[in-house]
Structure formats: structure tokens, C-alpha cells
Protein chains: 2
Amino acid sequence: MKVTGDQALVKKINKSLVLHTIRTHSPVSRAKVSEMTGLNKATVSNLVAELCGQELVTEAGPGESSGGRKPLMLHFNRMAGTVVGLELRIRQLSAVLCDLGGHILQELEAPLDNHELPYVVEQMKKLIGTMIAAAPPSPYGIVGIGVGVPGMVDEHGVVLFAPNLGWEMVDLRAILEEAFAVPVTIDNEANAGAQGELNFGAARGVRHLLYISAGSGIGSGIIIGGELYKGARGYAGETGHMTIESGGTPCSCGSRGCWELYASERTYDQPGLPLPARTTPELVRHARSGQADALRHFDSMGTYLGIGVTNLINSFNPELIVIGGALSEAEPWLGGPLRDVVAERTLPYHKQQLEITFSKLGGKGTMIGAAFAAVMHFLGDIRVTI
Amino acid sequence: MKVTGDQALVKKINKSLVLHTIRTHSPVSRAKVSEMTGLNKATVSNLVAELCGQELVTEAGPGESSGGRKPLMLHFNRMAGTVVGLELRIRQLSAVLCDLGGHILQELEAPLDNHELPYVVEQMKKLIGTMIAAAPPSPYGIVGIGVGVPGMVDEHGVVLFAPNLGWEMVDLRAILEEAFAVPVTIDNEANAGAQGELNFGAARGVRHLLYISAGSGIGSGIIIGGELYKGARGYAGETGHMTIESGGTPCSCGSRGCWELYASERTYDQPGLPLPARTTPELVRHARSGQADALRHFDSMGTYLGIGVTNLINSFNPELIVIGGALSEAEPWLGGPLRDVVAERTLPYHKQQLEITFSKLGGKGTMIGAAFAAVMHFLGDIRVTI
DNA sequence: AAAACTTTGTTTAACCAATATACAAAGTCT
DNA sequence: AGACTTTGTATATTGGTTAAACAAAGTTTT
């Protein structure tokens, strides 16, 4: 739909601008907001009055004077409502209850025995129900539910394809919206993780971010211009099936030499491979005690991670790369070879200001990101590009 | 800079909306524009009156009645001004004079003997000067110059790095703006080609496009959401140096197994390779007459093109892939193996609606795209995203 | 051919959000 | 104590969109 301009749009733009300025800079005075946004003081006053009326912003008494009248400090009211963030993993369901500022209020997990849709949905409903029951009273109550899923999701919240769950065309959003009567956002697990790191983790304020979720497979969340990029049908970033050896091992996807065959937990499945264990936490323990096979394998995975990351750098030219997912636990052994390969292989101009870090939110990044997507859906966001 | 909303912004948004609606749908009536944009009839009338005053839109007499008063048809005034589009190639400089609708009015070429900056700039100035002299009189005259360059360009029009020219940090925009005193836009050659195909060629109206320029190297122009995507420093899309054989041939870029070593004209440089010729036009002639070596080589290049294209599909999830550049001439021999590899290797959901075509504008795509970038810079473009 | 209906485009008055300006309030500095 | 600063509010103005009425110019029905 085309967007036309009128006074209502102007108000929406400015109100959103003021709200998000307060949200990301609180405590802050009206005068400071006026200065930061470029809006007139009177305009800010009016909009703040409305936001206070909506209980999204609160006044928190006077602040420090800077040589004149003391400012009246404004806070974003994180407690105006709550959201539930969920992550659907292969063997486990995790959930958080968050306030509107992305702070975790409650945390809960449940094991998943199988991937039958009715069973999984039932478990999800139980978990969400528990969270909703545990939510503190607030003006808006539960304002949304966000879910991170290991698979492709379209723009309507339908899980198109989740190979590790054996799901196809599951309208998860409709199922959960019907059950709880609140807005539900469904996101790919890597996309949610990217949102989490962007807003609350290692990538705050970054404009062009590449988030690599390395675990049982490899997925990536791509942030372009501060926004999540989703392809034509809402499921870009399936980079795990990028060919890095054109004549390599055949993959279940139909292609050959896919990245995730060399740089994810799928490497543990190779029958002949000498390894002291076949799960990442155990291998990390072995590596910590200096076990040679574990060290060699992490070195190999780090190198192959670097090769794939180099390809993505040359295509996307990000400012920052964040490695997340289960393998981020192995940072001490993966980080070195990964950075070496990238430094050796990228073009000189890319090297200048590129940083590579590992997740700060650890296993919670996806849940927090999913919860945040629900928050943003509630608060609304609008921007003008020239 | 943050953009705030006020009435001036509203007018800009709506005027731009009306202008571009007329530009892309002319001839069209005021009533139809009102219906298409959702703007009130009165608003459209007012804005059209201003656009007519600016000579960007003209009234072209009555159209067909649809059961009532005959509409007064409006045209976008392509002849309100002209732009010069330039392509800087390795051995040649090409230029077009275009109207605001991207129609070619004049065309000119000049050979390039070497890549010394002063010499190249002098040749460019000569060519641009000739074009400006040949421009028909128009209300706004020459409104801009657009240049497509084989290298990385930053957001200020500085050529950061053009390996095939031996250029580094050339502020081409400043040089040409000083010489001609009109706005100059500098773009990467592949980005310009993508813009050309998007607006006037094989990719009209496509939202998510991947344009592959395969010639002396490989570059790609990425259109996301109908807009050109440029990375953090304005030079994404250097996909030619994507690794497709992790232990492959070393490349001049420092990496190994880069895509363009297997799927561009750089393959002709392999000493031992049995080939009847070492340029694309000659090889095409040989292939046409059934020469076995030429056929085998095109088959190999098509296959490797497909492998790289598959990687990009899995990352970007485009709706359409357009192959352009010098190698697009060899479509009859490249197209088959390329499509076969892609069909074999992409994920099932990608295959559903993905199309692969070859350039419609041929060698002129880049120039037309560069010219169009200059047109858009003149007309202005503004959009609101919710 | 007259009347009724349709479609196109303009005129008018009303609305409303941002703004500049003046002003009030509450502080600091000399 | 007086001058200056900073913060926040009140008021009148501006300017763009809009709904509604209207005028103009056509087609369709009777």
C-alpha cells in the first residue's frame, strides 16, 4: 500500500520519533528531546503529554541543572506492558517474560520429546499460559508474543519449512493468536537473534550487521540500515546451504559442499571422525583440558566458519559480525582461526573497520529478540527516507 | 540526520508520489492519480498545477471517456531536461545523452589507451562536453551526469578501489562537478546495470533483484525492496571474490578459489587451457560454428556461474536474477548449464518463483542505469515506511 | 430530444499539527 | 540582589489536506 502524507502521518512520525528517543535515551528532558529530534519545544511538550496520558512515558522528578531551571526528567515506562518471548529448539522450548524494555522478568524451559505439531503447540500453550499468569499487573497487560523458529518463516507468520522439525506450512501465528487473542510475531531463529544482539547485546546501534547463528545448522540474520532484511518471501539468510566446496559432500538439501556440513554441529555426524564426544558442551570440556582431537576439530570448524563469513562480508559489507548459537560457547577455540581466515581472505577495504565478536546474550539472544519484535509491533515504528 | 514531520514534508511526500505516479503511468488523468495514490482529488489537482508550472508535467488534451466527462490526460515531461550517462570500461569510454525518461538521444564512444587519471579525466571531459553541446534546448538543460565505474565507490562518489584501472581514492565526483557545475552521481558498474535493468530492462517493477555483471570480473548489483542496497561504506556486492573452492587457486585479492577465477573472462588467462580464442566475442563465433573447446569452456563457465548464483540465491532470496555484462552475449551456451545447476542446488522454496534471465539492455545497461541515477537525483525521491 | 446519470476536475470552508514568539517558572552566577 | 540561563507552556499564525458542494462535460435511458 502506498503511504500518503497528511497531518495524521506527521503526528505519527513525530510521536514515534519522540517515543523512541525517550525509550533509547531515558532519563531525558523535554528540552533535550527537542534538541535531539529537531522538533520544536512546544511540539515535544504536546506529544509527551499524550504519551504520559497513554502511560508509555512517565515524569520522574527534576534532574541536574546545567545553569538554569532544572529539567523534568522523562522515563520510558518499561512496565506499561509485558511480552512473552519464545524459542523453539530441537529438543527444548524456552520462554521469557519481558517488559517493554527487553528486561527479563521470568524465565522458563520445557523439554520437547517429539515434533508432532499438536504436542509442540500444546507445550507452547502451557509455557505461554504460565508466563501470562506470572505477569505482573500493568496498564496494557500482555501486549504480544514473539516466537523464534528454526526454519523459514514468511511475512504472515507461517512456518514454510523447518527441516529439523519436519514442519511444512504451519500457520503458527494464527494458532497462537487464536489461543491467546494478542498479536503474535513469528521470526526465524537467526533473525530474532540478530534483533536481540542489535538492541540489547553486542551490536547496539550498528547499522549493517551480520549475525551468524551456528548450532545444529547455520543461519544468518541480516540487518541492513538498522533494519532486519527479509527477502522476497520473507526468508532470506539461509546461508548454511552456501556452497564452499563446489565438488564437496552431497547435502540433504540437494546441493553439495554446503557450508554447514563443515562448520556446524553437523560435522559431528561424520562416522569416521576421531572425536572424544559428539555434543558441543562436552567437546568444550575436552578442549578446555587440552584434548588434541577436540582442539583440532574446533580449529577446522573455525577455519570453515571464516571461509563462509568471508563470502558474506564480500557480499554484504557489514560493519560487525556477531557469532551466536550453540557454537558461540566455543569462542576461545573458534575465534582465532576464524579471525585469521577472514583477515587473510577479505579485500583490503573491508578489513579497515570490520569487527568480529561473539554473542553477548548467549542462548537468550533469540528469545529476547523475539520478545523485542513483539514490543516493536506494539509500539509501532515509522520512518521517512529521502 | 533525523527527519521530523511537518507540512513541508507532507507536501514533499505527496508531490513526489504524484510525480512518480505520473512518470511511471503516463498518460494518466488527475482522477486516476487520485484513485491510485489515495490522495484527495483536490490535492492532486493542486500538486499537478505546481508540477505543470515547473514544466515537469504537461497536459495532453482529452482522453477516452468511461461513461462521463472526458479526462484531461497528463504526461510526464521527459523533455524537461537531459542527463549524460557514462560507462568507464577497461579499454573504452561510452556515453549516452538521455531524456528524463531514460530514452537515448545520442550515443558516443571513445577508446581508452591507458588508465592514467589525467588522461582518462580528459577523455571523459571531452565526451561529456560533446554530449552537452549536442543536447537539445530544454527548460532545465543538463540536470546531471551519472557515471558507472568498474570498482568500489563510496557514498560521496569517491572511487575507493578499481583494481582493473589501478585507481585508488579518486574523488571522481568532485572532479566532474567542478568541471561541469551540475550534480554528478558515481556508481559501481554492476549497481548501475542493476538500476538500468530494474527501470528499463528485464527487471521492471521487481522488488528483490540480483544483477550479475559477468565480464572481465564478476560484480553484482543488489536491489532490495525496490532500492539499491549499498553496504556500510557503499560498496557491497563485490561477489566476484566469493570463495567457491576453499582450497582453490590463489587470487590476486589474497583469497583462494574466488568465483571470478572460474566464471569470468579471467578464465581465459589460464595458460594450459586449450581455447581457440581469448576474447568473448571470438569465442562466441567459435561456439556458433560448433567448435568443441569453446563449447566445453562455456559449459564450464555456465556451471560455475550457477554455483555462485546459487549461493547468492540462498543468501538474498531474490525474485529475479539478471545476468549482464560482456558474457551475457554467450547466453545460448551459458544459460543451460547455469539453470541446471541452480535447479539442482537451490532449496525447494527458492525454486518456486525464481526466474533467471539475461540482460535486455545488453552493453547499454550500465550507461542507462547511471543516467537514471542522475535523473532520480534531480527529481528527488522520498518514501515513508511503516 | 429531454432527462437522468456518470465521471472529471475545481472551489470553498474547516480542520489540525507544527511553528515562532512571547512568556512564565525555576534555577545559577557574579 | 540583580543579571543571566535553561526549561517548559500559552497563543496566534501558517499552510497543507480534506470533505462537501459544485460546475463542466460527457453517456445512457426514456
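So that the names make sense, note that chain A is the first sequence line, chain B the second, and so on, each numbered from 1.
- Here B:Arg30 pairs with B:Glu59 in a salt bridge; the nearest charged N to carboxylate O distance falls below 4.0 Å.
- The residue among B:Glu59 and A:Thr43 whose nearest nucleotide of DNA chain C lies closer to the 5′ end is B:Glu59.
- Proximity of B:Arg30 to the phosphate of C:dT7: no side-chain N or O atom is located under 4.0 Å from OP1 or OP2.
- Nearest heavy-atom pair across B:Leu39 and B:Ser34 is O-OG, 2.7 Å.
- Closest-nucleotide positions on DNA chain D for A:Gly68 and B:Gly67 were compared, and the one nearer the 5' end corresponds to A:Gly68.
- Computed from coordinates, the A:Lys70 NZ to C:dC29 P distance equals 12 Å when rounded to whole Å.
- Rounded to whole angstrom, the span from the CG atom of B:Leu39 across to the C1' atom of D:dT18 amounts to 11 Å.
- Evaluation of atom-type donor-acceptor distances gives a pair under 3.5 Å for the side chain of B:Arg69 against the base of C:dT8.
- Here the C1' atom of nucleotide C:dA14 and the CG atom of A:Asp6 are 15 Å apart, to the nearest Å.
- Taking a 6.0 Å sphere around CD of A:Glu355, one finds it holds 12 or fewer heavy atoms contributed by other residues, nucleotides or ligands.
- Across the protein-nucleic acid pair, A:Glu35 atom CD and D:dT7 atom P stand 8 Å apart, rounded to whole Å.
- Residue-to-nucleotide proximity on DNA chain D shows that, of B:Gly38 and B:Ser65, the 5′-proximal contact is made by B:Gly38.
- A straight line from NZ of A:Lys41 to C1' of C:dT19 spans 12 Å, rounded to a whole angstrom.
- Proximity of A:Ser45 to the phosphate of D:dT9: a side-chain N or O atom is located under 4.0 Å from OP1 or OP2.
- Remark: the A:Gln7 side chain and the A:Lys12 side chain contain no N/O donor-acceptor pair separated by less than 3.5 Å.
- In this structure, A:Glu50 places its CD atom 13 Å from P of C:dC16, rounding to the nearest Å.
- Within the 4.0 angstrom heavy-atom criterion, base atoms lie near A:Ala42.
- With rounding to whole Å, B:Leu72 atom CG is found 19 Å from D:dA23 atom P.
- Contact check, B:Asn40 against D:dA19: a side-chain N or O comes under 4.0 Å of OP1 or OP2.
- Nearest heavy-atom pair, B:Ala374 versus B:Gly146, reported as atom, atom and distance to 0.1 Å: CB-N, 3.9 Å.
- Distances shown here put a side-chain N or O of B:Ser29 below 4.0 Å from the OP1 or OP2 atom of C:dG9.
- OP1 or OP2 of D:dT17 has at least one side-chain nitrogen or oxygen of B:Asn14 nearer than 4.0 Å.
- Taking atom CD of A:Gln7 as the reference point, atom P of D:dG16 lies 11 Å away to the nearest angstrom.
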